[in-house]
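Whatever order the structure lists ligands and atoms in, that order sets their numbers, starting from 1.
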Amino acid sequence: MVLGADDEVHDDIAKVLIDAETIQAKVRELGERLSRDYAGLNPVLICILKGAVIFAADLVRQLSIPAKLDFMAISSYGSGMRTSGVVRILKDLDRSIEGEHVIIVEDIVDSGLTLRYLRRTLQARGPASLEVCALFSRDGNDAESLDLRYVGFEIPDAFIVGYGLDVAERYRNLRDIRVFDETSTTAQ
Ligand code: IMP
Ligand code: MG
C-alpha cells in the first residue's frame with residue numbers, strides 16, 4: 001500500500017511515475033555522494049519547506065558525515081500549479097551561514113525562479129560554499145545556468161505529486177511520485 005491511511009485512490013493520481021524503492025535508491029546515492037564530497041566540512045543542509053521536508057529527512061539519514069540541518073520557507077507558488085512570479089521568505093534560517101558549507105535541499109526545480117532567488121539571498125550572507133541538491137529537475141529548464149550540482153531525476157513536463165510534493169497541499173504523504181491529472185473528474 002503506497003497511500004497514507006486516510007487517502008483514497010483518486011483517478012487524478014492514477015499514474016505512478018517513480019516508485020518508492022527507486023526514490024529511496026536515488027536518495028541513498030545522493031547521500032553517498034554528499035558524504036564523499038563534504039567529508040570534513042560539516043555542511044549545513046537547508047531544507048526548503050514544505051516540499052523538500054520528506055526528501056531532506058531521508059537524505060540526512062543517508063549521510064555518513066556530521067551535518068547540520070536548518071529550514072527555510074518561501075512562497076513562489078500560490079495554492080495552485082502555476083508560479084506566481086513572486087518569491088518571498090515566510091520563515092528564515094535560525095542561524096548565520098557565514099563561512100559555512102551550505103547545501104540547498106530542494107524538492108523540484110521547475111522554472112528555476114525560486115532557486116535563483118534563494119541563491120542570491122544566501123550567497124549574500126557569505127557562505128564558504130553554496131551548492132544545490134534537488135531531487136527533481138524539470139526537463140528543458142536551463143540546468144546549466146542554474147548550476148545544479150546534485151540532481152536525483154529529470155522530470156518530463158507533467159505536474160507531479162507525492163514524496164513531499166503537493167497540489168494545493170494534497171498528496172504530500174504519498175510514498176511514490178505520481179502524475180497529477182488536472183483533467184480528471186476527481187481533481188479538485
Ligand atoms: P520554480 O520556481 O518554477 O523552479 O518552482 C519551484 C517550486 O514550484 C518547487 O519548489 C515546488 O514547490 C513547485 N513545483 C514546481 N513543479 C512542481 C510539480 O510538478 N509538482 C509540485 N510542485 C511543483
Ligand atoms: Mg509546492
- [ ] Look at the side chain of Arg138 and the backbone N and O of Asp110, then say whether any donor-acceptor pair between them is shorter than 3.5 Å.
- [x] no

Task: Minimum non-hydrogen distance to atom 21 (C) of ligand 1, winning option of Phe180, Phe159, Tyr171, Tyr117 - done: Phe159

TODO: Give a yes or no answer on whether the side chain of Ser35 reaches the backbone of Gly31 with a donor-acceptor pair at less than 3.5 Å.
DONE: yes

Task: Residue selection (non-hydrogen contact nearest atom 14 (N) of ligand 1) among Ile108, Leu118, Asp110 - done: Ile108

Open item on the list: Check this for me, if you would: do Lys50 and Glu169 make a salt bridge, where the nitrogen-to-carboxylate-oxygen distance has to be below 4.0 angstrom?
Closed with: yes

- [ ] State the atoms of ligand 1, each with its element, that fall below the 4.0 Å cut-off from a heavy-atom position in Asp107.
- [x] 9 (C), 10 (O), 11 (C), 12 (O)

Open item on the list: With no hydrogens and no angle check, just 3.5 Å: does a side-chain donor-acceptor pair link Tyr150 and Asp37?
Closed with: yes

TODO: State the atoms of ligand 1, each with its element, that fall below the 4.0 Å cut-off from a heavy-atom position in Thr114.
DONE: 1 (P), 2 (O), 5 (O), 6 (C)

Open item on the list: Side chains of Ser111 and Arg116 only: does a donor on one sit below 3.5 Å from an acceptor on the other?
Closed with: no

Task: Enumerated ligand 1 atoms positioned under 4.0 Å from heavy atoms of Glu106 - done: 10 (O)

- [ ] Using a strict cut-off of 4.0 Å, indicate which atoms of ligand 1 neighbour a heavy atom of Leu113.
- [x] 2 (O), 4 (O)

TODO: Just jot down the ligand 1 atoms closer than 4.0 angstrom to any heavy atom of Leu165, in number order.
DONE: 20 (N), 21 (C)

Open item on the list: Between ligand 1 and Gly112, is the shortest N or O to N or O distance under 3.5 Å?
Closed with: yes

Open item on the list: Could you walk me through whether Asp58 and Lys26 satisfy the salt bridge (charged side-chain N to carboxylate O under 4.0 Å, His left out) test, starting with their C-alpha distance in whole Å, then the side-chain angles of each, then the deciding distance to 0.1 Å, before giving a yes or no?
Closed with: CA-CA 11 Å; Asp58 282 346; Lys26 185 65 78 176; over 6 Å; no

TODO: May I ask which of Gly51, Ser111, Ala52 has a heavy atom nearer to atom 3 (O) of ligand 1 than the others do?
DONE: Ser111

Task: Leu115 backbone acceptor or donor facing Arg120 side chain under 3.5 Å - done: no

- [ ] Select one of side chain, backbone, both or neither to describe which atoms of Asp166 lie under 4.0 Å from any atom of ligand 1, heavy atoms only.
- [x] backbone

Open item on the list: Show, in sequence, the C-alpha distance, side-chain angles and deciding distance for Arg95 and Asp92, and conclude whether the salt bridge (charged side-chain N to carboxylate O under 4.0 Å, His left out) test is met.
Closed with: CA-CA 9 Å; Arg95 306 204 26 206; Asp92 210 335; over 6 Å; no

Task: Heteroatom proximity flag, Ile160 to ligand 1, N/O under 3.5 Å - done: yes

